[in-house]
Amino acid sequence: MRKEYSTYIFDLDGTLLDTLQDLAASTNYALRMHGMPEHSIDDVRRFVGNGVRRLMMQAIPDGDKNPKFEDAFRTFREYYLEHSLDTTRPYEGIPELLRELKARGKRLAVVSNKFYAATEELCQHFFPDTIEVAIGENEAAGIRKKPAPDTVQEALRRLGVGKEGAVYVGDSDVDIMTARNSGLPCISVLWGFRDRDFLTEHGAATFVTTPREIL
């Protein structure tokens, strides 16, 4: 039987939502608009996980040293904010999982390296009755992005709970490090953007193959 937790801190992309198609479309739109070569879905899958700026640094030739980088990144942000709901959907079983956890009195939050506005919009759209707190990238406010513990600490603060009884749920190596840096146990999901071998190599120890296994 899985340990009972009182607070669940979830990653967003690759954990609760399949956002890959919209991220890839936005990436390639920005590249196309600025005369740069586009990438496959599998390329973008490898790029995601450490924030959208890092995604674009890997997608653009020479990264942020490219003189067109800031303009292309701005194009990506503007396009993604308008198209983040085109194909993005919760993974099968996720809405039911969140409703069941909520019914059991659990506290639920999302922390993401996606920019703040998109994180809030997606959670409000898909999970308005279950996710209590949604925190995205906001280093301007002094909240460092994952794997720093800042977003998790801010989520716990807003929930009004401590880390005792809390667990982190994610799909990537960044999530494993975030949980470790936050002093939380980590559940690694196997339906997201990284496979078991990759996660094991980066220190994952607890896996689930379906959302129901989190209960």
Side-chain angles (χ1 to χ4, degrees), residues 7-30 41 44-56 59 73-102 106-141 143-148 150-159 167-172 174-175 178-179 187-189 191-194 211 214:
T7 302
Y8 290 76
I9 309 293
F10 291 95
D11 171 55
L12 188 60
D13 296 50
T15 300
L16 298 183
L17 295 178
D18 185 354
T19 56
L20 187 58
Q21 293 284 345
D22 288 338
L23 286 169
S26 300
T27 298
N28 285 329
Y29 175 83
I41 287 285
V44 177
R45 183 192 302 273
R46 290 193 296 273
F47 298 160
V48 299
N50 203 21
V52 290
R53 187 177 181 87
R54 180 64 181 169
L55 185 163
M56 293 302 289
F73 182 49
R74 187 178 306 110
T75 299
F76 168 89
R77 287 176 61 98
E78 292 171 354
Y79 187 88
Y80 185 70
L81 281 173
E82 293 180 5
H83 295 272
S84 63
L85 296 172
D86 285 1
T87 65
T88 289
R89 297 291 182 272
Y91 288 101
E92 184 177 355
I94 287 296
E96 294 83 359
L97 166 68
L98 297 180
R99 286 196 294 268
E100 179 61 28
L101 289 173
K102 188 76 170 179
K106 310 303 183 182
R107 309 301 302 277
L108 308 178
V110 161
V111 297
S112 176
N113 276 346
K114 187 188 297 295
F115 38 89
Y116 212 101
T119 302
E120 287 191 320
E121 178 184 359
L122 288 168
C123 288
Q124 183 60 35
H125 181 81
F126 289 109
F127 315 118
D129 300 322
T130 49
I131 296 298
E132 301 174 64
V133 170
I135 298 174
E137 181 180 1
N138 193 10
E139 296 198 1
I143 300 174
R144 295 171 298 168
K145 69 181 182 179
K146 302 184 294 183
D150 300 30
T151 52
V152 172
Q153 291 169 350
E154 179 67 6
L156 294 173
R157 185 189 70 79
R158 293 195 192 179
L159 288 172
V167 64
Y168 187 100
V169 184
D171 75 303
S172 73
V174 173
D175 294 316
T178 302
I187 298 173
S188 296
V189 309
W191 55 79
F193 299 160
R194 303 289 186 266
I214 294 175

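Here, residue 1 is the first one in the sequence, and each next residue gets the next number.
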> How long is the span from the CG atom in Asp171 to the CD1 atom in Ile187, to the nearest 0.5 Å?
Replying inline: 13.5 Å

> Shortest non-hydrogen contact from Arg45 to Arg194?
Replying inline: O-NH1, 2.8 Å

> Measuring from Leu23:CG to Thr87:OG1, what's the distance to the nearest 0.5 Å?
Replying inline: 9.0 Å

> Roughly how far, to the nearest 0.5 Å, is CG of Leu97 from CG of Leu16?
Replying inline: 8.0 Å

>> I want to check something: taking the side chain as every heavy atom from C-beta on, are Val169 and Ile9 in contact at a cut-off of under 4.5 Å?
In response: no

>> I'd like to know whether Asp11 forms a side-chain contact (heavy atoms from CB on, under 4.5 Å) with Val110, so could you lay out the CA-CA distance, the side-chain angles of the two residues, the decisive distance to 0.1 Å, and finally the verdict.
In response: CA-CA 6 Å; Asp11 171 55; Val110 161; over 6 Å; no

>> Does any part of the side chain of Leu17, heavy atoms only, come nearer than 4.5 Å to the side chain of Tyr91, both counted from C-beta?
In response: no

> If you draw the axis of the six-membered ring of Phe73, does the NZ or CZ of Arg53 fall within 45° of it and under 6.0 Å from the ring centre?
Replying inline: yes

>> Measuring from atom OH of Tyr8 to atom CG of Leu108, what distance do you get when rounded to the nearest 0.5 angstrom?
In response: 9.0 Å

>> Show, in sequence, the C-alpha distance, side-chain angles and deciding distance for Thr130 and Leu101, and conclude whether the side-chain contact (heavy atoms from CB on, under 4.5 Å) test is met.
In response: CA-CA 9 Å; Thr130 49; Leu101 289 173; over 6 Å; no

> Considering only heavy atoms from C-beta outward, does the side chain of Thr7 approach that of Leu156 to under 4.5 Å?
Replying inline: yes

>> Is any side-chain heavy atom of Cys123 closer than 4.5 Å to one of Leu12?
In response: yes

>> So if I apply the side chain to side chain donor-acceptor pair (under 3.5 Å) rule between Lys146 and each of Asn50, Asp175, Thr151, which one comes out positive?
In response: Asp175

> What are the two closest heavy atoms between Phe126 and Thr88, and how far apart are they?
Replying inline: CZ-O, 3.2 Å

> Which is it for Thr178 and Val152 under the side-chain contact (heavy atoms from CB on, under 4.5 Å) test, yes or no, and what are the steps along the way?
Replying inline: CA-CA 8 Å; Thr178 302; Val152 172; 3.8 Å; yes

> Looking at Val133 and Ala155, what are the two nearest heavy atoms and their distance?
Replying inline: CG1-CA, 4.2 Å

>> Under the criterion side-chain contact (heavy atoms from CB on, under 4.5 Å), I'd like the reasoning laid out for Phe127 against Leu122: C-alpha separation, chi angles, the key distance, then a yes or no.
In response: CA-CA 8 Å; Phe127 315 118; Leu122 288 168; over 6 Å; no

>> Is the shortest side-chain heavy-atom distance between Asp18 and Arg89 below 4.5 Å?
In response: no

> Between Ala134 and Glu120, which heavy-atom pair has the shortest distance, and what is it?
Replying inline: O-CG, 3.9 Å

>> Using a 3.5 Å distance criterion without hydrogens, assess whether the side chain of Asp22 forms a donor-acceptor pair with backbone atoms of Thr19.
In response: no

> Hey, is Lys102 close enough to Glu132 for a salt bridge, meaning N to O under 4.0 Å?
Replying inline: yes

Review item, side-chain donor-acceptor pairs of residues 76-85, under 3.5 Å, at least two apart:
| residue | atom | partner | partner atom | Å |
| --- | --- | --- | --- | --- |
| Tyr80 | OH | Lys114 | NZ | 2.8 |
| His83 | ND1 | Asp86 | OD2 | 2.8 |

> If every non-hydrogen atom of Trp191 is compared with every non-hydrogen atom of Thr15, which pair is closest and at what distance?
Replying inline: NE1-O, 2.9 Å

>> How long is the straight-line distance from CD of Glu121 back to OH of Tyr116, given to the nearest 0.5 Å?
In response: 14.5 Å

>> For Asp150, is there an ion pair with Arg144 - N to carboxylate O distance below 4.0 angstrom?
In response: yes

> If every non-hydrogen atom of Tyr168 is compared with every non-hydrogen atom of Ala179, which pair is closest and at what distance?
Replying inline: CB-CB, 3.8 Å

> From Ile135 CD1 over to Arg157 CZ, what is the distance, rounded to the nearest 0.5 angstrom?
Replying inline: 8.0 Å

>> Do Val48 and Asp13 have side chains that approach each other closer than 4.5 Å (heavy atoms only, starting at C-beta)?
In response: no

> Do other residues, nucleotides or ligands put more than 12 heavy atoms under 6.0 Å from the CD atom of Glu92?
Replying inline: no

